[in-house]
Amino acid sequence: MKTFKIASIPGDGIGKEVVPAANKVLKTIADIHGGIQFNFTDFPWSCEHYLEHGEMMPEDALERLQNFDSIFLGAVGNLKLVPDHISLWGMLIKIRREFEQVINIRPAKVLKGIRSPLLNPKDFDLIVVRENSEGEYSSVGGNIYKGEDEIAIQNAIFSRKATERAMRFAFELASKRKKHVTSATKSNGIYYSMPFWDSVFEDVSKDYSEIQTDSQHIDALAAFFVTRPHQFDVIVASNLFGDILTDLGAGIMGSVGVAPAANINVNGKYPSMFEPVHGSAPDIVGKGIANPIGQIWTAKMMLDHFGEEELGSVLLDVVESVTNDSILTPDVGGNYTTEEVTNEIIKRLKIVE
Ligand code: ATP
Ligand code: MG
């Protein structure tokens, strides 16, 4: 029996609705499979926890999380009660940094039965690998002068180590897919970092002769997401470019509620964290209509990470059969509830095996 220890953190808002739904799906998979088991430990760390205890999570939180095989997170944030810098820095960013989750992966694909703004949604099936530790999101810089002469200077940090690490990750991923990596660059406008990015890409690509490569400027690349989606397989991008591209991807997927994501620790020292793209969605909380698919697809990514790729693809196929039959929550044009969509997925999983 293979056992995977999962730290389950529903967090805030609809996180508390979609994480239990996804955990139920995972339990069903384990029951059917027989040879695998998921041991969930629930942690109530959230904005509510902050209001009660003055901290998003206890001081020994990281020690407690360290020995899990993965962290399965819903969403964190409740702007009405706790400012973002406290909820994000007190938990999400702390975990990502301390556990060296240096790569963010976001698959983007239009599931059958979900309307997309694209004319040929079938063609849209790609993965963005985003460098998650440095780049444009740096605190190096400052403000000089005052008044009308004031100038803000923002430095971007690109190290060979982190750049190469993200690129190698992308190439490895592509070798299991359509064997194509696109580099998101802007070396025609950004003077130092992007030419460096290009040269590292060229170096790394020499180690992967079986993988096709191309390099696109980020502005054109964004347009090609819409006009030529079939040409993409894996895209490697800096922190900022990856952030923007993946939101574009979620938009093309029809709703942020279906978009999955993972923060990966690549050196194997710490657990990785699986967390959908969407936030706590305070506008729909408590209504029972949150789309559980983003969280369930995120669970599929966790299965892949555990080496259970076959189970992962069965799960995604079942999810797609449900969307294809228009069993959908309101964000993607249906009128089913979180529970109904989840139960339908569970019912069909039982039939497949
Ligand atoms: P955060 O700062 O936590 O990212 P946000 O306000 O930027 O929050 P979301 O919480 O993702 O972003 O919400 C954006 C919109 O998408 C809201 O209208 C929300 O209701 C909707 N939404 C997000 N997730 C889902 C979901 N799983 N199902 C249905 N609608 C969703
Ligand atoms: Mg947001």
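Ligands are counted one by one from 1 in listed order, and the atoms in each one are counted from 1 as well. These numbers come from a predicted model, not from an experiment.
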Looking only at distances, please establish whether an N/O atom of ligand 1 is found under 3.5 Å from an N/O atom of Asn291.
yes
No-hydrogen, no-angle side-chain donor-acceptor test under 3.5 Å, Asn155 and Ser138
no
Looking at ligand 1, does any of its N/O atoms fall within less than 3.5 Å of an N/O of Ile14?
no
Mind checking whether Phe225 and Phe124 have parallel, tilted or perpendicular rings, split at 30° and 60°?
perpendicular
Measuring from non-hydrogen atoms of Ala290 to any atom of ligand 1, is the shortest distance under 4.0 Å?
yes
Verify whether one side chain among Asp214 and His180 offers a donor that lies under 3.5 Å from an acceptor in the other.
yes
Taking only heavy atoms of Asp331 into account, list the atoms of ligand 1 that are under 4.0 Å away from them.
28 (N), 29 (C), 30 (N)
Per-atom contacts of ligand 1 with Val256, taking only distances under 4.0 Å to non-hydrogen atoms
16 (O), 22 (N), 23 (C), 24 (N)
Say whether Arg130 and Thr246, considering side chains only, have a donor N or O and an acceptor N or O under 3.5 Å apart.
no
Looking at Ser280, which atoms of ligand 1 are within less than 4.0 Å of one of its heavy atoms?
3 (O), 10 (O)
Among Phe99, Phe43, Phe4, find the residue that satisfies the ring-ring contact (aromatic ring centres under 6.0 Å, His included) test when tested with Phe68.
Phe43
Mind checking whether Ala281 has an N or O less than 3.5 Å away from an N or O of ligand 1?
yes
Closest by any non-hydrogen atom to atom 12 (O) of ligand 1: pick that one out of Ala75, Gly279, Gly13, Pro276.
Gly279
Short N or O distance, Asp84 and ligand 1, threshold 3.5 Å exclusive
no
For the pair Phe40 and Phe38, name the ring-plane relationship: parallel under 30°, tilted 30 to 60°, perpendicular over 60°.
tilted
Check this for me: does any side-chain nitrogen of one of Glu275 and Arg96 sit under 4.0 Å from a carboxylate oxygen of the other?
yes
Whether Thr329 lies under 4.0 Å from ligand 1, heavy atom
no
Using a strict cut-off of 4.0 Å, indicate which atoms of ligand 1 neighbour a heavy atom of His278.
11 (O), 23 (C), 24 (N), 27 (N)
Any idea which of Ile284, Val332, Asp283, Leu88 brings a heavy atom closest to atom 17 (C) of ligand 1?
Asp283
Please name all residues satisfying salt bridge (Lys or Arg N to Asp or Glu O under 4.0 Å) with Asp31, sequence neighbours left out, ordered by chain then number.
none
